[in-house]
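Okay, structure first, notes after.
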Amino acid sequence: MAVGRRRRVFADRAEAGERLGAQLGGRTWTDLVVLGLARGGVPVAAMVAATLGAPLDVAVARKIGAPGRPEWGVGAVTAEGPVGWDVAALRRARSSTAELAGEAAHQQAEAGRQLRRYRAVAEAVPVAGRDVVLVDDGLATGVTARAALARLRGAGPRLVVLAVPVGRAGTAAALRADGAADEVVLVTAPSVLGAVSCWYRDFDQTSDAEVLAALAASR
């Protein structure tokens with residue numbers, strides 16, 4: 001069956017978060033913090049945090065698209081630190097890090113702008129020595145999740161779990177295998193993902209205003 005014709009598993013990000021939170025429940029956590037990957041991961045994370053009774057915070061990572069194909073992520077960057085490149089994707093796109101240096105700088109500046117705006121509403125929740133669940137609304141290539149996880153590792157958490165309602169099984173396995181995350185938790189893990197939007201009935205773009213509202217409510 002074509003991906004676009006598959007049954008849409010989740011009504012919206014809130015329902016996806018409820019189901020993901022239920023899957024993460026019933027285990028013992030050490031001083032848990034839940035982070036939503038902006039923007040679309042935040043409404044999912046808000047429901048996970050509410051279900052688990054944990055504080056909510058935000059993480060920001062920006063995709064770097066292939067030349068002429070911005071939707072095809074060949075790298076990603078956070079507000080600070082080095083760019084995380086997908087070498088295999090760069091090779092397939094017949095591109096180079098030098099060619100994309102300007103776009104990488106632009107996306108890093110944009111990540112900084114987003115994060116400063118969020119921090120004006122909600123200060124960062126400390127994660128050192130704590131269990132952290134990083135949440136997004138979908139996992140395809142994993143390039144943005146990998147960048148966010150690398151940044152998170154630098155803050156010294158005790159345990160890092162990536163939790164996503166729907167993600168490609170191969171990407172999840174790769175993130176586990178190379179230690180990007182200690183665990184990857186998925187509600188559903190198709191071998192062929194297609195567009196993440198195909199798995200939701202309502203997949204409207206999440207705005208900065210919605211992220212700010214979720215963070216403010218959590219505080």
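All residue numbers in this chain count up from 1 along the given sequence. Just so it is clear, the values below take in all heavy atoms, side chains as well, and ignore hydrogens, waters and symmetry mates.
- Closest approach of Ser95 and Leu100 over heavy atoms only: OG-CD1, 3.6 Å.
- When each of Leu20, Val161, Val42 is paired with Val135, the side chain to side chain contact (heavy atoms under 4.5 Å, CB included) condition holds for Leu20 and for no other.
- Remark: Arg201 fails to qualify as a cation-pi partner of Phe10 under the 6.0 Å distance and 45° angle criteria applied to the six-membered ring.
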Before giving the answer on salt bridge (Lys or Arg N to Asp or Glu O under 4.0 Å), spell out for Arg13 and Asp204 the whole-Å C-alpha distance, their side-chain angles and the decisive distance to 0.1 Å. CA-CA 9 Å; Arg13 289 180 177 89; Asp204 287 344; over 6 Å; no
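- Hydrophobic clustering (ILVMFWY, side-chain heavy atoms < 4.5 Å, transitive): Val132 and Met47 are in distinct clusters.
- Here the side chain of Arg69 pairs no donor or acceptor atom with the backbone of Gly65 at under 3.5 angstrom.
- Residues Arg219 and Glu123 are not paired through a salt bridge, judged by the lack of any N-O separation under 4.0 Å between the basic side chain and the carboxylate.
- Between Leu186 and Ala172, the shortest heavy-atom contact is CD1-CB, 3.7 Å.
- In the hydrophobic clustering of this structure, Trp199 groups with Phe203; members are Ile, Leu, Val, Met, Phe, Trp, Tyr whose side-chain heavy atoms approach within less than 4.5 Å, directly or through other members.
- Taking 4.5 Å as the limit, every side-chain heavy atom of Trp85 sits out of range of all side-chain heavy atoms of Val143.
- Here the CZ-CG distance, from Arg130 to Asp31, works out to 3.5 Å after rounding to the nearest 0.5 Å.
- Without hydrogens or angle criteria, Thr171 side chain to Ala140 main chain gives a donor-acceptor distance under 3.5 Å.
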Could you please spell out the steps behind the side chain to side chain contact (heavy atoms under 4.5 Å, CB included) verdict for Val9 and Tyr200? CA-CA 6 Å; Val9 175; Tyr200 291 81; over 6 Å; no
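- Following chains of ILVMFWY side-chain contacts shorter than 4.5 Å, one can reach Leu152 starting from Val125, so the two form part of one hydrophobic cluster.
- A distance-only check finds a donor-acceptor pair linking the side chain of Asp131 to the backbone of Thr30 [under 3.5 Å].
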What verdict does the side chain to side chain contact (heavy atoms under 4.5 Å, CB included) test give for Trp72 and Arg92, after you've listed the backbone C-alpha separation in whole Å, the side-chain angles of each residue and the deciding distance to 0.1 Å? CA-CA 11 Å; Trp72 181 7; Arg92 291 194 301 273; 3.9 Å; yes
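- The minimum heavy-atom distance linking Thr144 with Ala61 is given by the pair O-CB, 3.6 Å.
- Hydrophobic clustering (side-chain heavy atoms under 4.5 Å, transitive across Ile, Leu, Val, Met, Phe, Trp, Tyr) groups Val34 together with Leu24.
- Although no hydrogens or angles enter the test, the distance criterion places a donor-acceptor pair under 3.5 Å between the side chain of Lys63 and the main chain of Glu71.
- Within the model, atoms CZ of Arg146 and CG of Leu175 stand 4.5 Å from one another, a figure rounded to the nearest 0.5 Å.
- Salt bridge Arg27/Glu183: present, at least one basic N to carboxylate O contact under 4.0 Å.
- In terms of hydrophobic clustering, with Ile, Leu, Val, Met, Phe, Trp and Tyr side chains grouped at heavy-atom distances under 4.5 Å, Leu35 and Val184 are assigned to a common cluster.
- Rounded to the nearest 0.5 Å, atoms CG (Asp57) and CG (Leu134) are 11.0 Å apart.
- Counting non-hydrogen atoms of other residues, nucleotides and ligands closer than 6.0 Å to CD of Gln205 gives a total of 12 or fewer.
- Legend: side chain to side chain donor-acceptor pair (under 3.5 Å) pairs involving residues 106-116, not counting sequence neighbours, sorted by first then second residue: Arg62-Gln107, Arg62-Gln114, Glu103-Gln107, Glu110-Arg113, Arg113-Asp208, Gln114-Tyr118.
- Distance check: Asp12 CG to Asp137 CG gives 11.5 Å after rounding to the nearest 0.5 Å.
- Side chains of Gln23 and Val187 form a contact here, defined as non-hydrogen atoms less than 4.5 Å apart.
- Nearest heavy-atom pair, Ala45 versus Gly36, reported as atom, atom and distance to 0.1 Å: CB-CA, 3.5 Å.
- Proximity of Pro165 to Thr188: side-chain heavy atoms (C-beta onward) are nowhere separated by under 4.5 Å.
- Taking each heavy atom of Val127 and Ala155 in turn, the nearest pair found is CG2-CB, 3.4 Å.
- Closest non-hydrogen pair, Leu32 versus Pro55, comes out as O-CD, 3.2 Å.
- A salt bridge links Asp182 to Arg153: at least one charged side-chain nitrogen sits closer than 4.0 Å to a carboxylate oxygen.
- The shortest side-chain heavy-atom distance between Arg168 and Ser191 does not fall under the 4.5 Å cut-off.
- Thr206 and Glu210 form no side-chain donor-acceptor contact under 3.5 Å, judged by distance and modelled atom types alone.
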Going through the checks in order, is the side chain to side chain contact (heavy atoms under 4.5 Å, CB included) test met by Val185 and Leu162? CA-CA 6 Å; Val185 175; Leu162 176 64; over 6 Å; no
